[in-house]
Undergrad: 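Mind having a look at this structure? Questions to follow.
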Amino acid sequence: MKMRRGASVAGVVLLAGALSGCGAERAVDRAAESVDEAVDVLAALRKTSTKADQAGSAQVETTVSMPGAKGIRMDGLWSWGKGTAFDVQMDARQAGMADVTKSDTVRVLFVDGTYYYKVDPTLVGGPAGKHWLSVDASVVMGRDGTDMAKQSNPVAGLRFIGTSRHAQEVGLETVLGRETTHYTATISKDDLGRAGTVLAPNDKNALMNSFTGGNVTSITIDVWVDGRDLPVRIKQKIGQASVSVTFKSFDKAKQVTAPTAADVLDMTETIKQQAAAGQG
């Protein structure tokens with residue numbers, strides 16, 4: 001069978017980049033020292049980042065929007081306390097899975113660097129009775145992208161704000177029926193360049209990933225924080241694309257388990273061959 005990719009793959013790559021804030025926390029103090037007017041905002045967001053990291057998991061609704069494409073939506077559990085994993089529902093057509101499921105949505109897991117898609121075994125070619133298709137993340141994002149995805153989570157973007165010289169409090173707003181404080185920050189290439197002087201090379205590369213390619217010159221991040229110092233919503237605008245993450249609830253880290261191997265049809269090599277033949 002041929003798996004169709006396209007907008008959903010681009011959305012996954014953008015999502016991984018937007019959610020990858022690994023290492024940025026080490027630049028927060030340096031940024032705060034250089035911008036006196038942002039100290040209180042940065043302190044509040046450091047507290048929010050710490051509490052969200054400690055929570056370990058959340059029920060999350062994520063939408064990735066790109067020019068000329070319908071927003072790609074993921075809704076479900078993200079867990080990061082014991083390594084990044086998720087168990088979400090996606091639009092089957094956007095995920096390239098409309099031909100192998102009778103539902104409008106498809107369940108997608110990410111566990112240990114592999115994506116798993118729940119399918120209807122009667123619609124899947126190959127060995128009978130398989131309820132899952134799997135794809136190694138390196139096929140979608142390359143090895144570096146896979147490493148980034150394994151370290152990404154929905155709250156990692158909070159750490160980016162620590163590199164900004166332009167963070168401020170917007171005011172009080174109601175989100176999901178909760179009173180929140182709205183913060184906003186713009187991060188330029190210069191901001192990340194200065195942050196890079198105090199980051200390890202791998203951490204700097206992870207931060208700079210969002211600026212590679214296209215005409216991206218800055219990232220805008222908006223955060224809505226509730227009375228428990230936890231984020232209710234995070235929006236990131238990266239060039240003409242954007243990622244919106246809404247947190248319905250937080251919990252301790254939860255285990256996301258991969259399907260039984262006997263019930264999985266691995267499509268990794270098939271997709272590699274399709275890509276090599278110019279069919280992917």
Side-chain angles (χ1 to χ4, degrees), residues 3-21 52 58-80 84-110 115-119 135 137 140-141 145 148-149 152-158 160 170 173-178 180 182-187 209-224 231-249 280:
M3 290 182 64
R4 296 178 299 181
R5 295 177 289 168
S8 61
V9 172
V12 168
V13 174
L14 174 62
L15 178 61
L19 298 183
S20 181
Q59 291 292 329
V60 175
E61 180 180 306
T62 304
T63 301
V64 180
S65 299
M66 297 176 291
K70 182 180 178 181
I72 299 169
R73 186 169 174 269
M74 301 170 63
D75 192 354
L77 171 70
W78 277 78
S79 184
W80 55 88
T84 298
F86 61 67
D87 182 349
V88 301
Q89 293 286 334
M90 289 184 66
D91 181 280
R93 190 169 299 280
Q94 290 180 337
M97 295 290 161
D99 294 337
V100 290
T101 180
K102 296 178 181 178
S103 174
D104 291 335
T105 61
V106 60
R107 185 181 176 191
V108 184
L109 311 181
F110 180 75
Y115 293 98
Y116 297 90
Y117 300 85
K118 184 69 177 293
V119 298
V135 181
V140 178
M141 295 182 290
M148 179 177 64
S152 303
N153 69 63
V155 299
L158 289 171
F160 278 126
V170 177
E173 297 178 16
T174 301
V175 180
L176 297 183
R178 286 176 269 174
T180 68
H182 179 188
Y183 300 95
T184 189
T186 299
I187 302 165
N209 179 76
S210 296
F211 285 101
T212 59
N215 298 312
V216 178
T217 58
S218 66
I219 299 173
T220 300
I221 302 179
D222 286 88
V223 186
W224 289 260
V232 178
R233 180 169 291 154
I234 300 174
K235 287 188 176 181
Q236 299 184 51
K237 185 171 178 57
I238 306 168
Q240 294 184 323
S242 65
V243 178
S244 175
V245 183
T246 299
F247 300 89
K248 299 177 180 179
S249 63

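Since the model is a prediction, treat every value here as computed from it, not as a measurement.
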Undergrad: Which residues pass the side chain to side chain contact (heavy atoms under 4.5 Å, CB included) test with Glu173, not counting sequence neighbours?
TA: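 Scan of Glu173 (side chain to side chain contact (heavy atoms under 4.5 Å, CB included), adjacent residues dropped) gives Val170, Thr180, His182, Trp224.
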
Undergrad: Where is the tightest heavy-atom contact between Ile72 and Gln94, given as atom of each residue plus distance?
TA: CA-OE1, 3.4 Å

Undergrad: So, taking the atom named OG1 in Thr184 and the one named CG in Asp222, what distance separates them when rounded to the nearest 0.5 Å?
TA: 3.5 Å

Undergrad: Measuring from Thr220:OG1 to Lys235:NZ, what's the distance to the nearest 0.5 Å?
TA: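 Between atom OG1 of Thr220 and atom NZ of Lys235 there are 12.5 Å.
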
Undergrad: Could you pull out all residues at least two apart from Arg233 that satisfy side chain to side chain donor-acceptor pair (under 3.5 Å)?
TA: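 So Arg233 forms a side chain to side chain donor-acceptor pair (under 3.5 Å) with Thr246.
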
Undergrad: Flag the pair Tyr117 / Thr101 as yes when at least one side-chain heavy-atom distance between them is below 4.5 Å, and no otherwise.
TA: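 Result no, sub-4.5 Å side-chain heavy-atom pair not found.
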
Undergrad: Who pairs with Ala85 by side chain to side chain contact (heavy atoms under 4.5 Å, CB included), at least two apart in sequence or on another chain?
TA: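 Val256.
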
Undergrad: Of all heavy-atom pairs between Ala92 and Val106, which one has the smallest distance, and what is that distance?
TA: CA-CG1, 4.0 Å

Undergrad: Please test Val245 against Trp78 for side chain to side chain contact (heavy atoms under 4.5 Å, CB included), starting from the C-alpha separation and ending with a verdict.
TA: CA-CA 11 Å; Val245 183; Trp78 277 78; over 6 Å; no

Undergrad: What pair of heavy atoms forms the shortest contact from Ile234 to Val155, and how long is it?
TA: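 Reported closest heavy-atom pair: CD1-CA, 4.4 Å.
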
Undergrad: Distance check, rounded to the nearest 0.5 Å: Ser103 atom OG versus Asp91 atom CG?
TA: 9.5 Å

Undergrad: Could you work out, with side chain to side chain donor-acceptor pair (under 3.5 Å) as the rule, every residue matching Asp87, not counting sequence neighbours?
TA: Arg107

Undergrad: According to side chain to side chain contact (heavy atoms under 4.5 Å, CB included), who are the partners of Ser249, at least two apart in sequence or on a separate chain?
TA: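 Ser249 satisfies side chain to side chain contact (heavy atoms under 4.5 Å, CB included) with Gln59 once adjacent residues are dropped.
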
Undergrad: The criterion is ring pair (Phe, Tyr, Trp, His ring centres under 6.0 Å); which residues satisfy it with Phe247, sequence neighbours excluded?
TA: Phe250

Undergrad: Should Phe86 and Trp80 be marked as a side chain to side chain contact (heavy atoms under 4.5 Å, CB included) after you check the CA-CA gap, both sets of side-chain angles, and the distance that decides it?
TA: CA-CA 9 Å; Phe86 61 67; Trp80 55 88; over 6 Å; no

Undergrad: With sequence neighbours excluded, tell me which residues meet salt bridge (charged side-chain N to carboxylate O under 4.0 Å, His left out) with Asp75.
TA: Arg73, Lys248

Undergrad: Taking all non-hydrogen atoms of both residues, which atom of Pro154 and which atom of Val60 are closest, and how far apart?
TA: CG-CG2, 4.3 Å

Undergrad: First locate atom NZ of Lys237, then atom CD1 of Ile221, and finally report the distance between them rounded to the nearest 0.5 Å.
TA: 13.5 Å

